Amino acid sequence: MSEGGKQQRTQQKRQQPQANLDNGQHQASQDGTANGASKRPGPQATSTPPRKKARLSGPAPAPAVSSIQEQRRLLPIAKGREALVAEIRANEVTVLLGETGSGKTTQVPQYLLEAGLAGAAGLIGITQPRRVAALSLAARVALEQGAPVGGTVGYAVRFDERCGAGTRIKYMTDGMLGRELLGDPLLSRYKVVVVDEAHERTLRTDLLLANLKRILRVRNGESGDNRNPLKVVIMSATLDAEKFSRFFSNAKIVYVKGRQHPVKIFHAVQGQTDYVDAALRTFFQIHVDQPPGDVLVFLPGQEDIESLDAAIMLFARQLPAGAPEVLVVPMFAALAGEKMGRIFGATPRGARKCILATNIAETSITIPGVRYVIDTGKAKEKRFLAGAVGGGFDTLLTRDIARANAMQRAGRAGREGPGFCYRLYTEDAFRAMAPAAEPEILRTGLAGSMLQLLCLGQDLQELELMDAPDVEAVSSALRTLFLLGALDSTRALTEMGRAMAAFPLEPPLARALLASKELGCTAEVLDIVSVLAASAPLFIDAGEQRGASVEARRKFVHPAGDHLTLLNAVHAYAAVGGGGADAKETEEKEEGVGRSARKEWARAHFVNERVLREARSIRAQLVGVCAREGLDARASVGDDADPMLLALAHGLAQNAALLMPDGTYKQVMGQAIVKIHPSSTMADKKVPAIIYNELVYTNQIYARGVSSIPKSFFASLGAFNRRAA
DNA sequence: GTCTCGGTA
């Protein structure tokens with residue numbers, strides 16, 4: 001959507017105020033009051049932030065209950081407790097279909113422990129795709145067990161672990177259990193592994209399932225060590241249950257009913273071409289006609305969110321006096337921390353909150369007070385295209401969501417009471433959607449996973465996976481690892497590869513860090529890669545304040561490009577309020593003065609402080625690995641840019657492009673013409689050679705995170721010498 | 001001329 005298009009839309013709406021709202025736009029679905037949401041599992045407990053503990057037992061239409069044990073007994077799953085435990089006892093693998101609100105995630109581990117299925121001292125591990133879920137579940141279940149977190153019930157997520165000698169139930173991220181495999185390939189401490197939210201089919205869940213199948217063969221097999229058998233419980237949505245069952249030799253499927261408020265679903269009568277406009281009209285239709293309750297709108301991305309935000313505010317000002325106030329709250333992952341907090345603030349009396357969210361609100365964040373959901377049926381999806389020579393690239397395109405996601409979105413309206421979902425697409429369009437999203441392992445680059453598996457002595461191609469990736473994706477990953485020097489020409493893991501795998505980083509970043517050893521700039525490369533490994537961009541792109549943000553950050557800009565600009569910002573932040581990059585100890589004890597000064601500095605420079613804090617944690621972890629791998633984390637070259645750029649180039653060798661006579665950039669390893677992303681400090685600079693963090697196709701193939709390097713670097717990069725082979 | 005979402009001792 002162009003800037004001009006947005007303007008035009010806004011203008012049109014100004015001339016046709018809310019009188020134009022289309023009341024006949026929606027019709028109730030055939031299954032009107034049927035709550036599509038109840039077909040989708042995903043216990044609310046898993047996605048509720050820690051501070052919302054009180055809501056973990058789910059929406060409680062049941063009579064008020066006083067004790068925690070009474071609440072446990074009233075959960076739908078409690079009725080089937082004996083039968084469930086008997087099934088799990090009788091089978092090595094059980095697939096458990098639990099609807100939302102069944103209580104399966106909190107209760108099953110306790111049932112198994114109390115039934116003695118973990119033996120006298122064995123562990124029950126429950127994996128989650130998201131860390132907040134692991135944290136909040138452990139807190140709730142510890143409360144139910146009457147023990148402190150870290151006692152009988154503990155958790156393990158990156159940067160944070162609370163488990164003791166007496167811990168028997170361990171909530172953890174699936175990535176963390178994947179890491180544990182490296183040191184204990186048979187997971188011998190675990191008597192039971194429960195894989196929760198398996199229907200999400202994340203990359204880590206799929207790799208874990210493949211490993212569990214392998215472990216079962218060894219620990220439970222006839223020829224194997226039968227003294228320490230493992231039990232596996234897969235928790236999933238109805239849709240995928242049979243597939244999980246088939247994967248685990250037709251494992252028994254057990255169904256548990258949920259408890260969820262009904263959500264009435266309306267479909268559009270006609271297909272909508274402009275979903276932002278349709279969402280605008282639907283919102284005001286709700287706002288004018290419907291009883292109080294907040295509205296959650298699902299949109300594909302930041303651009304649409306900002307566009308709808310502006311349009312809603314424009315109309316809200318034209319509402320007649322006395323109409324309820326409208327409070328628009330945008331929500332997407334790149335948002336700074338303080339703005340995220342607005343989501344959880346209570347809606348002022350007489351006002352209506354309208355949350356404009358990406359699919360972050362589908363699973364990761366649960367917003368209280370939502371009664372109405374507006375679903376555009378769209379989401380952005382990142383997909384790795386391996387086919388292209390030169391390492392391939394990602395596409396980031398808006399696509400139709402799957403039916404399972406549509407049902408999950410609808411369910412967000414029924415968390416606290418009966419709700420309503422307005423789909424901006426027809427019922428036929430809903431039926432035409434794919435039943436479930438494609439598993440992540442088929443959409444993503446695999447170099448990192450492949451390196452991890454090789455360290456376990458496994459091969460991605462030989463591993464029995466639920467869905468095997470394409471040959472092109474596998475060979476692209478092998479090629480990347482070979483060019484980085486992690487594999488030799490016989491595909492065997494090298495010393496370099498083993499060292500790279502020790503770092504919790506993507507292979508290119510790990511390679512850059514290792515290259516910093518010879519170049520004496522480990523301190524600087526650590527600063528840079530830890531920010532790149534964080535979960536959001538450092539610099540906030542603040543919509544209409546875009547000009548101001550560019551101006552505020554001008555002082556960080558380094559002529560060599562984005563990587564050193566980033567480093568300047570990290571250094572500047574560390575200098576504010578006296579807190580250095582390594583000053584974690586003192587900082588925590590420090591008075592609020594330095595802390596508020598840093599916060600204000602970050603706000604003024606449009607820098608995401610949450611990202612800086614996350615990067616600091618990552619950096620501290622990397623420093624620990626550096627010590628074991630023989631890198632001096634304090635080695636610094638001061639302001640000398642060339643060693644840092646050369647170290648980065650060793651990791652990003654596949655991501656290099658040269659300026660052509662016609663002013664475009666062409667990949668060095670590959671044929672693609674790439675364009676420098678407009679957000680880069682190198683946009684329009686026309687330097688002879690660049691390296692970049694990633695290539696993303698949206699409207700064009702954009703290089704993001706770009707630095708200028710001397711052409712003379714290429715000759716010294718191992719990747720270029722290996723390329724011929 | 002612009003950036004869905006997760007995660008790793």
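All figures in this text were calculated on a predicted structure; none of them were measured in a lab. A, B, ... follow the sequence lines: proteins, then strands. Residue 1 opens every chain.
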I'd like to know if A:Arg204 reaches the base of B:dG6 with its side chain, counting only an N/O donor and acceptor under 3.5 Å.
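Answer yes: a donor N or O sits under 3.5 Å from an acceptor.
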For a quick check, tell me whether the side chain of A:Asp541 and the base of B:dC3 share a donor-acceptor pair closer than 3.5 Å.
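Check passes, donor-acceptor contact within cut-off.
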Given [options], the nucleotide with the shortest approach to the side chain of [X]:
| X | options | result |
| --- | --- | --- |
| A:Ala683 | B:dG6, B:dG1, B:dT8 | B:dG1 |
| A:Gln302 | B:dG1, B:dT4, B:dG7 | B:dT4 |
| A:Arg130 | B:dG1, B:dT8, B:dG6 | B:dG6 |
| A:Asp684 | B:dC5, B:dC3, B:dG1 | B:dG1 |
| A:Ile360 | B:dT2, B:dG6, B:dT4 | B:dG6 |
| A:Arg704 | B:dC3, B:dG1, B:dC5 | B:dC3 |
| A:Tyr702 | B:dG1, B:dC5, B:dT4 | B:dG1 |

Just to be sure I understand the rule, does [X] reach a base, reach only the sugar-phosphate, or reach nothing, if contact means heavy atoms closer than 4.0 Å?
| X | result |
| --- | --- |
| A:Val157 | sugar-phosphate |
| A:Glu440 | base |
| A:Ala379 | nothing |
| A:Phe332 | sugar-phosphate |
| A:Glu506 | base |
| A:Gln452 | nothing |
| A:Pro300 | sugar-phosphate |

Using 4.0 Å as the upper bound for N to carboxylate O, is an ion pair formed by [Y] and [X]?
| X | Y | value |
| --- | --- | --- |
| A:Asp527 | A:Arg619 | yes |
| A:Asp467 | A:Arg201 | yes |
| A:Glu180 | A:Lys170 | yes |

Which atoms form the tightest heavy-atom contact between A:Ile528 and A:Leu566, and what is the distance?
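For A:Ile528 versus A:Leu566, the nearest heavy atoms are O-CD2, 3.8 Å.
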Contact nearer the 5' end of DNA chain B, comparing A:Thr358 with A:Arg628
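Result: A:Thr358.
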Starting at the 5' end of DNA chain B and moving along, which residue's nearest nucleotide shows up first, A:Leu203 or A:Val625?
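Residue closer to the 5' terminus by nearest nucleotide: A:Leu203.
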Short side-chain N/O contact to [N] OP1/OP2 from [X], under 4.0 Å:
| X | N | value |
| --- | --- | --- |
| A:Ser535 | B:dC5 | no |
| A:Asn699 | B:dG1 | no |
| A:Thr173 | B:dG7 | no |

Once you round it to whole Å, what is the distance between [atom2] of [N] and [atom1] of [X]?
| X | N | atom1 | atom2 | value |
| --- | --- | --- | --- | --- |
| A:Leu135 | B:dG7 | CG | C1' | 13 Å |
| A:Tyr697 | B:dC3 | OH | P | 12 Å |
| A:Leu299 | B:dC5 | CG | P | 12 Å |
| A:Glu694 | B:dT2 | CD | C1' | 13 Å |
| A:Asp174 | B:dG6 | CG | C1' | 9 Å |
| A:Leu397 | B:dC5 | CG | P | 15 Å |
| A:Leu207 | B:dG7 | CG | P | 16 Å |
| A:Leu509 | B:dT8 | CG | P | 16 Å |

Contacts of type side-chain hydrogen bond (donor to acceptor under 3.5 Å, both in side chains), residue A:Ser680, not counting sequence neighbours
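side-chain hydrogen bond (donor to acceptor under 3.5 Å, both in side chains) check on A:Ser680 returns A:Asp562.
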Could you name each residue pair satisfying salt bridge (Lys or Arg N to Asp or Glu O under 4.0 Å) that touches residues 691-700 of chain A, not counting sequence neighbours?
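Checked against salt bridge (Lys or Arg N to Asp or Glu O under 4.0 Å) - neighbours excluded - the pairs reaching residues 691-700 of chain A are A:Lys382-A:Glu694, A:Glu694-A:Arg704.
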Do A:Ser707 and A:His563 pair up side chain to side chain, a donor and an acceptor below 3.5 Å, judged on atom types alone?
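Present: a donor and an acceptor within the cut-off.
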